[in-house]
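First up is the structure itself, then whatever we jot down about it.
Counting from 1, the numbers follow the sequence of the chain as shown. Any value given below was found using the heavy atoms of this structure, including those in side chains, with hydrogens, waters and symmetry copies removed.
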Amino acid sequence: MAAKYYTHFVTADPPTLALETANESSEWSGVVELRHPLEQTAGTRELRSLLAQSFALTSEDIRILHWARLH
């Protein structure tokens, strides 16, 4: 069963970018659709991992500000 989530998060820029943008972050928000609902206890960790894969970052480079399941 697919589940949709609203997510608001910040990504750290990868270190391979130009020096003037190093250590800056980008703020994102949107809807993420997953094949299965997130677990209540590990949802943030799982969502960080999935977002990191999409942005070619590590999960440590993702900081989730807010997430909520859409009905």
Qualifying residues under side-chain contact (heavy atoms from CB on, under 4.5 Å), relative to [X], sequence neighbours excluded:
| X | result |
| --- | --- |
| Arg69 | Met1, Ala3, Tyr5, Pro37 |
| His36 | Glu46 |
| Ser54 | none |

Which value, rounded to the nearest 0.5 Å, describes the distance between [X] atom [atom1] and [Y] atom [atom2]?
| X | Y | atom1 | atom2 | value |
| --- | --- | --- | --- | --- |
| Arg48 | Leu57 | CZ | CG | 11.5 Å |
| Leu65 | Phe9 | CG | CZ | 9.5 Å |
| Thr7 | Ile64 | OG1 | CD1 | 7.0 Å |
| Asp61 | Ser26 | CG | OG | 11.0 Å |

Requested in this report: Could you give me the CA-CA distance, side-chain angles and deciding distance for Glu27 and His8, then say whether side-chain contact (heavy atoms from CB on, under 4.5 Å) is met?
Outcome: CA-CA 8 Å; Glu27 189 169 340; His8 183 198; 2.5 Å; yes

Query raised in the report: Excluding sequence neighbours, so at least two apart, what forms side chain to side chain donor-acceptor pair (under 3.5 Å) with Thr44?
Result: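 Expected list: Trp67.
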
Query raised in the report: Listed by chain and number, what are the side chain to side chain donor-acceptor pair (under 3.5 Å) partners of Glu39, not counting sequence neighbours?
Result: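 Checked Glu39 against side chain to side chain donor-acceptor pair (under 3.5 Å); zero matches.
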
Output a table of donor-acceptor pairs, distance under 3.5 Å, between side-chain atoms of residues 28-35 and any protein atom two or more places apart or on a different chain; print 'none' if there are none.
from  : atom 1 : to    : atom 2 : distance (Å)
Trp28 : NE1    : Thr11 : OG1    : 3.1

**Report entry** Heavy-atom pair with the smallest gap, counting every atom of Ala52 and Ser59
**Finding:**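 The answer is CB-N, 3.6 Å.
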
